[in-house]
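Worksheet for the structure shown next.
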Amino acid sequence: MNDSNHGGSSGPQQGSRYVPPHMRTRSDNPRSNGRGGGSSSNWTASSDHAQRSDSWQSSRSDYGRSGGWNDRGYSNRPNFYERGSYGGKYSRGDQEYMPRRDESQGYWKNGVHHIAPRNPRIEHDLFGAPEDNDRQHTGINFEKYDDIPVEASGTDVPEPVTQFTSPPLDQHLLGNVDLARYTTPTPVQKYSIPIVEAGRDLMACAQTGSGKTAGFLFPLLSKLFSDGPIANLPPQDMNKPSYLRNRKAYPSVIILSPTRELTCQIYDEARKFAYRSWVRPCVVYGGADIGQQLRQIERGCDLLVATPGRLVDLIERARISLSQIKYLVLDEADRMLDMGFEPQIRRIVEKEDMPGVQDRVTLMFSATFPRDIQFLARDFLKDYIFLSVGRVGSTSENITQKIEYVEDEDKRSVLLDILHSSELGGLTLIFVETKRMADVLCDFLLSQNFPATAIHGDRTQRERERALDSFRNARTPIMVATAVAARGLDIANVGHVISYDLPTDIDDYVHRIGRTGRAGNTGAATAFFNRGNKGIAGDLIDILKEANQEVPSWLESIVRENRMYSGGKGGRGRGRGGFGSRDFRKYPQQGGGGGSGGDNWYRGNNSGGYPAPDMYNSYGGGYGRGSNPVAVQYQNKTSWF
DNA sequence: AAAAAAG
């Protein structure tokens with residue numbers, strides 16, 4: 001039922017096979033021993049360690065031979081690898097050896113960034129096979145994204161960059177960017193790079209699909225690479241036995257994200273770009289063995305990607321200190337608030353030992369910019385740059401949206417029709433509203449001999465990761481999902497998104513269809529609509545029109561008839577026509593539900609000037625009037641990494 | 001109303 005139960009009876013079997021992606025090391029993969037679950041004894045652990053060092057020694061000797069290893073075409077940056085090539089500096093007897101790092105880890109000493117030698121196996125793990133262009137899908141078609149409109153506001157907005165170059169980016173980071181085959185910065189990245197470089201705070205209305213993960217990772221890691229760790233870190237004396245050591249980790253970066261899968265995804269990206277550097281990324285999230293995560297952290301943790309609940313847990317256990325934080329990133333902030341994380345987030349940011357707003361750089365990302373996000377921005381950010389990123393054009397062009405009227409009892413057979421008629425190739429993602437339905441439908445599909453899996457919050461973390469994995473690599477090209485997979489998740493090659501049940505929130509719908517139609521590809525999105533969904537009909541029509549899609553006439557009439565009764569809710573002030581979210585410091589707010597033009601609660605800021613920080617103080621607590629005064633942005637999410 | 005997340 002719950003992951004913790006697996007640790008007991010069934011733990012050994014499952015634990016021996018499954019190693020979460022971020023825990024995998026070179027020698028973990030072929031682990032054939034039946035032991036090795038979370039509860040395995042110290043004996044197993046230490047013998048593991050011995051094996052690891054052995055295999056390490058042997059692979060290390062490979063470095064001398066350049067073989068085919070250097071033939072991978074890094075010609076554009078010939079100097080990059082010279083520093084990191086295997087040399088005599090880095091040996092066990094040497095003073096510079098830092099035991100808390102393994103050999104694939106760089107280190108910082110006396111103001112110099114020592115880059116670790118390259119490691120073919122890790123490189124393959126992180127970046128894929130060099131010739132495998134399909135798997136390595138990042139970096140394609142970026143040119144296409146030049147059209148995405150970006151609007152930046154705030155004081156002294158730095159000029160956007162146009163290329164990945166050094167400066168402003170660190171040379172080592174550029175090498176990793178090359179390895180990951182990112183060629184051209186996306187619009188978010190063009191802006192975020194100089195903004196973070198300048199040490200400014202950022203509030204960005206953008207989604208994963210816009211390249212925002214790299215958008216914050218690049219400049220932030222780049223700065224860390226050049227600046228090094230904070231000097232006054234309490235020294236870790238690794239010669240002491242572990243029980244006498246300070247077991248707290250002092251990360252420089254915290255990245256918070258709402259779901260476990262998203263957290264893992266960000267972590268995977270971080271690993272790529274932190275490769276061989278002194279920065280060691282870690283990831284913590286609920287539902288997984290905390291002991292394993294603690295051990296990871298103990299080995300060094302400079303950049304931590306976390307879900308809020310687990311992070312609070314670790315702080316309480318005094319295993320994480322926030323006192324050295326230089327960068328705080330809140331990803332999918334609106335989603336985190338929706339999920340009720342505000343208390344945890346406020347606790348982490350305001351009530352623990354994290355440096356104050358003035359003493360850290362804070363980056364906030366959010367698909368929408370409703371009022372509670374504005375308040376969060378007010379409290380967490382200083383003199384920030386507001387970035388509004390337009391849709392990645394493919395919502396309108398690349399994704400064919402279709403709304404079908406299907407009664408609940410007919411849904412199954414219509415679904416089967418669709419699945420039978422669709423040609424092989426792309427993945428099919430089916431969204432349902434309840435966890436129960438996800439299981440029921442998945443079971444039904446299996447009984448009909450469709451290779452399906454399901455992902456939802458009642459499954460264990462292991463099951464979730466397995467499901468996602470088997471979907472990604474097309475072992476089960478059909479996946480039934482709840483809202484857990486609607487946003488942010490990057491699943492390549494999804495050809496068809498089916499909203500078996502429509503969500504009640506149009507944002508969710510938009511996020512769902514954004515799982516398909518990736519860069520350069522076309523996608524299909526089908527939704528089953530019936531009377532139960534009439535609440536979303538109006539918004540749905542808006543979306544369809546905006547995306548130049550066919551609007552069924554029956555849908556129009558449902559809306560008309562709906563308006564008769566509801567007295568015309570007249571939309572919720574969503575910004576149509578490209579840009580949605582606006583810098584509320586600059587623009588007058590659009591009317592919310594009541595609409596009586598009384599939304600100028602921030603008063604007197606139409607001049608485009610930057611508001612004084614205390615502008616909010618005049619506002620007191622009475623902001624309950626009106627609803628949702630802020631335009632919401634619909635942006636496609638063709639995630640490409 | 002359901003889902004997600006800390007256990």
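To find a chain, count down the sequence lines: A is the first, B the second, and so on, and within it residues start at 1.
A sub-4.0 Å separation between OP1 or OP2 of B:dA5 and a side-chain N or O of A:Arg335 is absent. OP1 and OP2 of B:dA4 both lie 4.0 Å or more from every side-chain N or O belonging to A:Arg310. At the phosphate of B:dA1, neither OP1 nor OP2 sits under 4.0 Å from any side-chain N or O atom of A:Thr434.
Residues A:Gln265 and A:Glu261 have side chains that never bring a donor and an acceptor to within less than 3.5 angstrom of each other.
Counting any heavy atom pair closer than 4.0 Å across all strands shown, A:Pro503 reaches no nucleic acid atom. Within the nucleic acid shown, A:Arg317 has no heavy atom closer than 4.0 Å to any nucleic acid atom.
For the pair A:Ile455 CD1 and B:dA2 P, the computed distance is 21 Å after rounding to whole Å. Between the CD1 atom of A:Ile536 and the C1' atom of B:dA1 there is a distance of 14 Å, given to the nearest Å.
More than 12 heavy atoms of other residues, nucleotides or ligands lie within 6.0 Å of CZ in A:Arg346, so this atom counts as buried by the packing criterion.
Side-chain contact between A:Ser366 and A:Met203 is present, with at least one heavy-atom pair separated by less than 4.5 Å. Side chains of A:Lys272 and A:Asp268 form no contact here, defined as non-hydrogen atoms less than 4.5 Å apart.
Side-chain atoms of A:Thr504 come within donor-acceptor range of the base of B:dA1, with a qualifying N/O pair under 3.5 Å.
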